[in-house]
Participant: 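Before anything else, here's the structure in question.
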Amino acid sequence: MSERRKPYPFDHFEPKWQRIWDERQPFHAPNPGERGFDPSRSKFYILDMYPYPSGTGLHVGHPEGYTATDIVARYKRMRGFNVLHPMGWDAFGLPAEQYAIKTGQHPAVTTRENVAKFKGQLKRIGFSYDWQREINTTDPRYFKWTQWIFLQLYKSWFNPETQKAEPISSYTGAEPDDVRLAYVADVPVNWCPELGTVLANEEVIDGKSEVGGFPVVRRPMRQWMLRITAFAERLIDELDGLEWPAGIKALQRNWIGRSVGAEVDFEVAPVSNLRGEADRKLETCATITVFTTRPDTLYGATYMVLAPEHPLVDRITTDVQRDAVRDYRAAIASKSDLERTDLAKDKSGVFTGAFAVNPVNEERIPIWVADYVLISYGTGAIMAVPAHDERDLEFARRFELPILDVVQPPSGDSIGFIGEGIAINSPIIEGLPTEAAKEKITTWLEERRVGQKSIHYKLRDWLFSRQRYWGEPFPIVWRSGKHEALPESELPVEPPQLEDFKPTGTGEPPLARARDWIRYSQGATRETNTMPQWAGSCWYYLRFCDSQNDARFVGEDTERYWMGGDKPGGVDLYVGGTEHAVLHLLYARFWHKVLFDLGYVSTPEPFQRLVNQGIILGEDGQKMSKSRGNVVNPDDVIDLYGADAFRCYEMFMGPLEQMKPWSMKGVEGVSRFLARVWRLIMIENQAGEWELNPALADIAPNKAQLKVVHATIKKVTEDIETLSFNTAISQMMVFVNAFTTSDVVPFAPMRTLLVLLNPFAPHLTSELWETLETRFGGARSAITDESWPAYDPQYLVEDEIEIILQVNGKVRDRMTVASGATDAELEGAALANERVQQLIAGKTVRKVVVVPKKLVNVVAN
RNA sequence: GCUCACGUGGCGGAAUGGCAGACGCGUACGGCUCAGGACCGUAUGGGGAAACCCGUGGAGGUUCGACUCCUCUCGUGAGCACCA
């Protein structure tokens with residue numbers, strides 16, 4: 001098979017320009033204080049979600065967002081911004097560790113190889129990253145500061161008065177360990193036996209591990225936690241000012257799950273006279289607090305339910321019911337999360353024998369235990385209002401409990417109505433609409449000290465420790481059963497060398513095998529858990545500002561310049577996939593707020609504008625996967641069509657945020673376009689060599705050409721600002737189509753085209769620019785030093801414009817008029833039009849709508 | 001079940017409430033070629049010989065005018081999922 005003929009010699013000039021960029025470093029952004037820094041230039045920080053360097057290399061999905069940001073970065077540089085556009089590696093993680101377990105090769109080695117592969121692939125696409133700022137989360141110079149930030153969390157607490165993180169020294173209570181933002185707790189965790197580690201809630205999907213899909217069970221363990229719940233309210237409220245997709249904001253709000261309602265105290269009734277147990281009485285009386293978002297339905301509470309794990313269950317259960325309750329709890333405990341949360345299953349539960357007293361009417365209502373109430377949400381106990389809650393209704397019908405309606409719907413049946421209506425059968429709030437009823441009864445409860453307004457969140461504290469080798473060790477030692485922070489001078493804490501990276505299987509981390517490493521001093525041993533993979537990505541965007549700084553996690557002035565600014569500040573544009581909507585993006589915001597409160601960063605939010613790129617599907621319209629065999633490798637595409645065609649096709653496919661299928665035919669089409677650009681300027685001679693097109697001439701473009709030039713400047717500029725790259729490319733195609741037919745090609749418009757196209761196809765335009773500069777003289781500067789062109793509106797106005805003629809809203813004809821025609825002239829001309837005359841003959845003209853420069857609509861009947 | 005997003009030619013897609021289908025792919029015909037899976041040109045939503053009619057998932061509505069705004073409905077995709 002003979003080698004496919006290249007439509008233009010990209011295989012020659014693409015590597016050439018990549019080499020030049022490596023040598024000359026035109027994309028290095030100087031920091032304040034650094035040589036070449038120009039304080040008059042505004043900053044623009046444009047960030048990609050850095051990849052995990054897996055063994056399989058890039059697929060075409062990665063470069064989609066990367067190409068979009070690269071176009072904006074190159075464009076913004078030409079607009080005179082000091083552009084921060086960095087790249088790095090999120091390199092801690094399970095695959096490298098599991099590969100190490102299989103082969104014995106140290107994860108650091110695997111990581112180094114994978115990073116080299118990824119970097120080579122990214123360079124082949126011609127991205128304009130400032131590689132001097134490259135970071136790697138597994139580099140001790142990097143994770144030293146990850147550990148340092150952890151120490152700041154450890155040494156802080158959330159002051160509810162100020163609603164801020166503060167140094168632990170401002171805490172005046174007895175036990176600082178109870179309030180630290182990083183704390184140790186014995187908690188029921190998501191234990192994955194297969195992976196040998198615990199997982200965060202966010203990493204568990206349908207009772208299985210997100211990575212690998214292995215079963216996950218509940219198990220109590222001592223773990224490090226981060227108090228993200230303290231920031232729940234700010235994490236919700238401060239979403240408002242961010243330019244993020246509404247869907248991502250909604251996902252975060254939903255994940256944080258704010259519910260406003262009331263806590264209500266129910267006294268447990270003494271159990272004398274119950275089923276002949278005349279002598280039996282509770283030694284102490286108990287109070288059960290429930291949380292409800294519908295305090296207005298308090299009169300409809302006909303029973304109460306405790307979660308099986310609720311601590312009061314044992315105390316209130318009567319002797320008669322004791323065996324039944326014990327059996328039920330045992331049965332529940334043996335179930336997996338998956339089985340417990342199966343919505344399809346019937347409701348189950350058991351009566352405790354005890355009764356609670358409803359504070360509004362002194363009614364005694366039975367207390368049940370059922371697994372449809374979760375210990376982890378609210379107070380782990382509910383008042384059941386079967387008339388107005390689906391789940392309670394199902395349970396009440398199953399166990400024949402009373403159902404009392406207390407909300408009158410606007411229409412229809414009140415039983416089973418869960419919306420807002422008018423309170424009925426509720427003396428204190430009778431006749432009030434739901435909102436007013438809630439307020440009044442809450443006040444009533446507060447006055448009698450049996451309840452209060454309350455807000456609950458679904459968000460749980462962040463389980464921050466993992467039983468893995470390939471992660472950041474904690475800068476913590478244990479002495480006499482108590483944890484203490486290592487001094488900052490001892491950072492970084494590097495992981496020990498190990499032969500065996502396997503999980504121990506007992507829940508003890510692999511680091512526990514390193515006997516010497518663990519012994520920190522006489523009487524003190526190191527923490528053996530490691531941090532989760534998210535740790536490094538919680539602050540990497542800050543490190544990019546100052547990646548070589550060994551004295552501070554980021555220099556103060558540098559942070560203020562890149563992350564501050566007069567506008568909202570932070571990262572100006574952040575592009576990545578939706579898969580990080582509630583994980584990385586929530587964790588990073590949390591860390592950032594802590595650092596902000598402690599005075600280390602200048603903005604309360606890290607990412608001002610967020611854009612999600614859509615998934616690229618295989619040619620078959622299916623999700624790309626090895627098993628389907630529809631994976632497209634960028635290297636193969638670049639071999640055939642070149643990096644510029646690859647970049648342009650990725651952008652031409654459709655809107656950035658949309659899911660769309662790959663098409664090799666489409667790449668070919670874009671490649672043809674780039675070849676036409678090449679042949680506008682170059683021509684192949686008899687010997688098959690490319691030389692300057694003799695049709696190129698230093699002549700003035702005609703009026704039509706000028707119009708297309710300026711229309712293209714306008715369109716491409718606006719489209720890059722709105723990230724509508726597909727239509728920007730369309731317009732440049734229109735430009736090229738307008739010039740390919742001309743016998744003489746004016747030189748100036750070609751220069752403009754090359755600049756406009758440069759962010760999209762940097763190699764081709766650099767090469768052609770160099771050729772033109774050589775031939776037509778000038779300063780022989782690189783195209784990357786050019787300024788972005790401005791359009792002149794005077795070339796866009798037309799002397800004559802075409803006006804659409806409509807009769808009753810349907811297009812019937814068109815006419816050409818002088819662009820300065822008045823509305824009255826347009827109306828007159830339209831009514832005089834022959835077609836219009838025909839169509840309105842015998843009818844009465846009711847109205848004539850004139851849209852200046854666009855159309856005239858004659859309404860007649 | 002709930003929340004969100006999206007439904008436009010054979011395909012990817014384009015359209016500040018104002019000519020639906022830009023641009024590209026594909027297809028057809030022609031040119032150039034020893035040749036073409038290269039390149040150049042022309043055509044290309046459907047129906048119809050034509051006048052013309054019909055067309056943006058479906059049904060209503062607002063409007064002189066709706067792919068665009070509103071209501072309902074169907075379908076596809078994503079996320080959440082007993083959160084009281």
Side-chain angles (χ1 to χ4, degrees), chain A residues 4-7 205-206 245-251 253-255 257-259 261 290-294 297 305 307 340-345 347 370-374 376-385 388-392 394-395 418 456-460 578-579 581-582 612 614-615 621 623 648-649 652-655 657-670 672-673 675-676 679 684 715 724 726-734 736-737 740-741 802-814 846-851 853-860:
Chain A
R4 189 197 166 83
R5 208 172 149 281
K6 307 275 193 290
I205 315 240
D206 290 338
I248 300 293
K249 287 191 187 185
L251 276 168
R253 283 199 189 94
N254 185 257
W255 188 266
R258 180 184 151 102
S259 299
V290 302
F291 173 67
T292 176
T293 54
R294 291 298 297 272
T297 62
V305 185
R340 267 189 75 163
T341 56
D342 183 3
L343 277 167
K345 79 178 165 90
K347 292 263 182 295
D371 71 343
Y372 82 92
V373 171
L374 310 174
S376 56
Y377 187 75
T379 60
I382 63 155
M383 61 177 212
V385 185
H388 307 297
D389 183 281
E390 228 176 309
R391 299 149 300 179
D392 296 343
E394 191 191 332
F395 191 84
I418 54 171
H456 281 265
Y457 298 92
K458 282 199 283 184
L459 186 69
R460 305 266 71 88
T578 19
E579 67 271 22
V582 287
N612 294 119
I615 295 169
K623 213 168 179 168
C648 288
Y649 175 65
F652 187 63
M653 290 173 81
E657 305 192 40
Q658 194 171 302
M659 183 186 289
K660 42 208 180 289
W662 187 265
S663 157
M664 276 304 177
K665 284 287 183 192
V667 185
E668 215 170 297
V670 171
R672 272 202 277 271
F673 158 65
R676 276 204 293 278
R679 289 197 312 268
E684 200 169 15
K715 181 84 177 136
S724 309
N726 53 333
T727 48
I729 293 171
S730 295
Q731 180 61 36
M732 289 187 279
M733 288 171 167
V734 170
V736 171
N737 292 344
T740 34
T741 47
E802 195 175 62
I803 298 292
I804 301 305
L805 296 179
Q806 294 184 337
V807 175
N808 292 332
K810 293 194 171 182
V811 179
R812 295 304 184 179
D813 204 356
R814 50 205 64 196
R846 301 284 172 201
K847 190 172 179 180
V848 178
V849 181
V850 178
V851 182
K853 296 184 192 300
K854 285 249 161 62
L855 61 75
V856 180
N857 185 14
V858 179
V859 184

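Computed from heavy atoms alone, side chains included, the values below leave out hydrogens, waters and symmetry copies. All chains are named by letter (A, B, ...) in the order of the sequence lines, taking the proteins before the strands, and each is independently numbered beginning at 1.
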Participant: Which whole-number value in Å describes the distance from A/N612 CG to B/A78 P?
Facilitator: 15 Å
Participant: Produce a footprint string for nucleotides 7-14 of chain B: one letter per nucleotide, 5' end first; B if the base is under 4.0 Å from any protein heavy atom, S if only the sugar-phosphate is, - if neither.
Facilitator: -----BSS
Participant: Report yes if at least one side-chain N or O of A/K347 is closer than 4.0 Å to OP1 or OP2 of B/A84; otherwise report no.
Facilitator: no
Participant: Can a donor-acceptor pair be found, under 3.5 Å and without considering hydrogens, that links the side chain of A/R460 to the backbone of A/S376?
Facilitator: yes
Participant: Do the rings of A/Y377 and A/F291 sit parallel, tilted or perpendicular, given the 30° and 60° boundaries?
Facilitator: perpendicular
Participant: Checking only heavy atoms, does the side chain of A/E390 share a donor-acceptor pair with the base of B/G1 at less than 3.5 Å?
Facilitator: no
Participant: What class does the angle between the rings of A/W662 and A/Y649 fall in, given that below 30° is parallel, 30 to 60° is tilted and above 60° is perpendicular?
Facilitator: perpendicular
Participant: Can you find a side chain N or O atom of A/R672 that sits less than 4.0 Å from OP1 or OP2 on B/G37?
Facilitator: no
Participant: If you write RNA chain B from 5' to 3' in dot-bracket form, with Watson-Crick or G-U pairs under 3.5 Å, [ ] for crossing pairs and | for pairs with another strand, what do you get?
Facilitator: (((((((..(((.....[....)))((((((.......))))))(((....)))..(((((..]....))))))))))))....
Participant: On RNA chain B, does the nearest nucleotide to A/A246 precede the nearest nucleotide to A/E802 from the 5' side, or the other way round? Give the residue.
Facilitator: A/A246
Participant: Which part of the nucleic acid does A/V851 contact within heavy-atom distance under 4.0 Å: base, sugar-phosphate only, or nothing?
Facilitator: base
Participant: Kindly say whether A/A860 contributes a backbone atom to a donor-acceptor pair with the side chain of A/N808 at under 3.5 angstrom?
Facilitator: yes
Participant: Identify whether any heavy atom of A/R258 sits under 4.0 Å from a base atom; if not, whether one sits that close to sugar-phosphate; answer base, sugar-phosphate or nothing.
Facilitator: nothing
Participant: Can you confirm whether A/V670 sits close enough to A/I729 that some side-chain heavy atom of one is under 4.5 Å from a side-chain heavy atom of the other?
Facilitator: no
Participant: Below the 4.0 Å mark, does B/C64 have OP1 or OP2 next to a side-chain nitrogen or oxygen of A/R846?
Facilitator: no
Participant: When you measure from the side-chain N and O atoms of A/R253 to the phosphate of B/U3, is any distance below 4.0 Å, counting only OP1 and OP2?
Facilitator: no
Participant: Using whole Å, report how far CG of A/L251 lies from C1' of B/A78.
Facilitator: 9 Å
Participant: Would you say a side-chain N or O of A/N737 is under 4.0 Å from OP1 or OP2 of B/G24?
Facilitator: yes
Participant: I want to check one thing: is the phosphate of B/C40, taken as OP1 and OP2, less than 4.0 Å away from some side-chain N or O of A/R679?
Facilitator: yes
Participant: Would B/G30 be called syn or anti, given that syn covers angles within 90° of 0?
Facilitator: anti
Participant: Please give, in whole Å, the distance from B/C4 C1' to A/N254 CG?
Facilitator: 10 Å
Participant: I'd like to know if the side chain of A/K458 reaches the main chain of A/N254, judged simply by a donor and an acceptor atom lying under 3.5 Å from each other, with no hydrogens or angles considered.
Facilitator: yes
